[in-house]
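Have a look at the structure below, then the notes.
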Amino acid sequence: MSRLSTPLAIDAPSLVDDTDAALARYREEFAADLAAAASDDDATLIHVRWLGRKQGVLSSLMPTLASIRDTDVKRRVGQALNALRDQLTADVEALQVRIAVNARAAAPALDLTMPSRPTWRGAVHPVSAVIDEVTAIFRELGFTTQLGPEAEHEWYNFGALNFPENHPAMDAHDTLYLGAGALLRTHTSPVQVRTLQRFKPPVRILAPGMVYRRDFFDSTHAPAFHQIEGLAIDEGVSLVDLKATLAEFARRFYGGTRRTRFGPSYFPFTEPSAQMDVEVDLGDGKGLRWVEILGCGMVHPAVLEAAGVDSEKYTGWAFGMGPGRLALSRHGIPDIRILYDSDVRFLEQFAR
Ligand code: DAH
């Protein structure tokens with residue numbers, strides 16, 4: 001601010017005798033200061049100059065006011081000075097607001113050159129996508145979904161599924177025991193038993209879920225992974241239904257682009273038992289090879305009986321598939337750990 005007025009001093013006689021005229025001069029000086037103000041600093045300067053407690057112009061008149069003897073005159077002059085202080089205070093405040101508003105209006109409202117924030121798009125996990133797809137395919141074939149507990153009783157996980165006591169097949173499952181007869185289920189097959197206890201045949205269900213094994217994390221094993229159990233029980237159901245249904249599933253899932261084959265296998269809860277392999281290239285430079293994607297078989301009569309189903313009247317088949325393996329086979333991924341690492345660089349490729 002280039003200039004600030006230096007107000008003339010007002011002596012006691014002119015303040016007393018012609019108060020209005022004396023103060024009118026101040027108002028003029030003050031108005032000139034206001035008009036010249038351009039910044040917030042200017043406003044502060046004006047405030048100090050006129051209203052400052054120690055050096056301010058109005059404060060400098062206080063001794064003169066104090067020296068007035070006549071109380072009526074003193075009151076009149078005092079009131080005039082108070083009115084002037086109020087007005088100057090209000091004017092300085094208005095000045096500050098005006099300066100702030102002008103400053104904001106002068107700033108650019110939108111910076112169109114500013115980079116935008118990155119947006120993260122969520123994606124369905126490839127294993128979840130497989131589970132959704134398998135569920136949808138089997139829904140068209142008449143299967144509904146059943147869920148069972150991950151903390152399971154030994155009997156449902158092994159006993160009811162015809163695992164003989166202390167059978168080596170139980171070791172093969174590398175079970176994580178919780179104590180008191182409980183364990184983390186090593187497969188989704190216990191849901192077969194729970195379902196048959198609840199519903200009378202015909203039964204056609206799918207049971208997707210997490211299973212747990214005391215395995216090291218390597219390219220083909222995970223200590224926690226997904227399975228999808230399938231179960232179909234009715235009168236007169238045969239191995240032909242099993243093969244036809246699973247072959248049809250593979251056709252729909254891979255769109256007819258992969259060869260599949262059945263081979264013999266062993267599970268205590270099925271007789272006979274089989275496995276289905278799919279021919280895939282896992283993208284590791286080793287070319288096409290056969291990968292097992294599910295185990296299956298005709299449900300063992302002992303399992304039906306354990307679940308309270310008349311095995312003379314009913315037969316059926318079951319399967320247990322690894323949706324992780326299906327995801328690897330579909331996308332040509334050589335290492336199961338990639339599925340369970342939660343690395344966004346991998347996962348974001350599935351955003352749609
Ligand atoms: N429960 C078996 C496993 O975890 C997979 C399995 C095989 C399930 C055959 C079945 C079946 O229902 O019929 O290795």
Side-chain angles (χ1 to χ4, degrees), residues 127 131 134-135 138 143 145-150 152-164 167-176 183-196 203-215 220-234 237-247 249-250 260 262-278 291-304 306-307 309 311 314-326 336:
V127 174
I131 292 174
V134 171
T135 309
F138 276 92
F143 287 67
T145 299
Q146 286 291 314
L147 299 179
E150 293 177 14
E152 183 56 282
H153 194 283
E154 268 181 289
W155 185 78
Y156 283 102
N157 197 81
F158 292 125
L161 290 168
N162 198 38
F163 284 76
H167 190 272
M170 289 164 69
D171 298 343
H173 278 218
D174 289 318
T175 311
L176 289 156
L183 46 72
L184 290 178
R185 68 179 179 190
T186 58
H187 52 173
T188 43
S189 300
V191 186
Q192 291 186 29
V193 181
R194 289 182 174 277
T195 302
L196 292 175
V203 163
R204 278 200 288 275
I205 60 109
L206 233 50
M210 231 26 203
V211 302
Y212 303 85
R213 292 189 193 175
R214 200 158 35 78
D215 262 339
T220 53
H221 296 88
F225 58 102
H226 297 81
Q227 281 193 343
I228 305 175
E229 195 76 12
L231 176 69
I233 304 289
D234 202 349
V237 176
S238 75
L239 194 64
V240 176
D241 300 299
L242 164 62
K243 266 193 93 168
T245 307
L246 291 180
F249 158 75
T260 54
F262 285 89
S265 187
Y266 170 77
F267 303 100
F269 39 91
T270 44
E271 180 56 36
S273 303
Q275 67 180 52
M276 188 165 91
D277 305 333
V278 59
V291 171
E292 179 188 351
I293 54 164
L294 62 84
C296 58
M298 297 304 292
V299 177
H300 198 290
V303 174
L304 296 175
V309 174
S311 64
Y314 296 107
T315 54
W317 49 267
F319 66 83
M321 68 170 69
R325 293 249 181 109
L326 290 177
I336 198 164

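Atoms within a ligand are numbered from 1 in the order they appear, just like the ligands themselves.
- Some N or O of His187 is nearer than 3.5 Å to an N or O of ligand 1, by distance alone.
- Taking a 4.0 Å cut-off on heavy atoms, Trp317 fails to register as neighbouring ligand 1.
- Here Asp277 contributes atom CG and Glu292 contributes atom CD; the two are 6.0 Å apart, rounded to the nearest 0.5 Å.
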ring-ring contact (aromatic ring centres under 6.0 Å, His included) for His187 and Phe267? Distances and angles first, verdict last.
CA-CA 12 Å; His187 52 173; Phe267 303 100; 9.0 Å; no

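- Here Cys296 has backbone heavy atoms under 4.0 Å from ligand 1, and that is the only part of it that gets that close.
- Taking the six-membered ring where the residue is Trp, the centroids of Phe138 and Phe319 are separated by under 6.0 Å.
- Between Ala318 and ligand 1, an N or O atom pair is found at a separation short of 3.5 Å.
- Residue contacts with ligand 1 include Gln192, since one of its heavy atoms falls under 4.0 Å from the ligand.
- Ligand 1 places these atoms under 4.0 Å from at least one heavy atom of Gly297: 13 (O).
- Scanning for salt bridge (Lys or Arg N to Asp or Glu O under 4.0 Å) contacts around Arg194 gives Glu152, with sequence neighbours left out.
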Under 3.5 Å, side-chain donor or acceptor atoms of residues 224-231 against the rest of the protein: list the pairs with distances, not counting sequence neighbours.
residue, atom, partner, partner atom, Å
His226, ND1, Tyr340, OH, 2.9
Gln227, OE1, Thr188, N, 2.9
Gln227, OE1, Thr188, OG1, 3.2
Glu229, OE1, Thr188, OG1, 2.7
Glu229, OE1, Ser189, N, 3.2
Glu229, OE1, Ser189, OG, 3.4
Glu229, OE2, Ser189, OG, 2.8
Glu229, OE2, Gln192, NE2, 2.6

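- To the nearest 0.5 Å, the span separating CD1 on Ile233 from OG on Ser311 amounts to 10.5 Å.
- Per-residue contacts place Phe267 under 4.0 angstrom from the following atoms of ligand 1 (heavy atoms of the residue considered): 7 (C), 9 (C).
- Considering Glu292, Arg185, Arg213 only, the shortest heavy-atom separation from atom 3 (C) of ligand 1 involves Arg213.
- Just one residue in the list Tyr266, Phe158, Tyr156 forms a ring pair (Phe, Tyr, Trp, His ring centres under 6.0 Å) with Phe163, and that residue is Phe158.
- In terms of polar-atom proximity, Glu229 is counted as a contact of ligand 1, with an N or O under 3.5 Å from an N or O of the ligand.
- The ligand atoms of ligand 1 that sit less than 4.0 angstrom from a heavy atom of Thr270 are 13 (O).
- At distances below 3.5 Å, not a single donor-acceptor pair connects side-chain atoms of Asp215 with backbone N or O atoms of Asp174.
- Residue contacts with ligand 1: Gln227 is included, with a non-hydrogen atom under 4.0 Å away.
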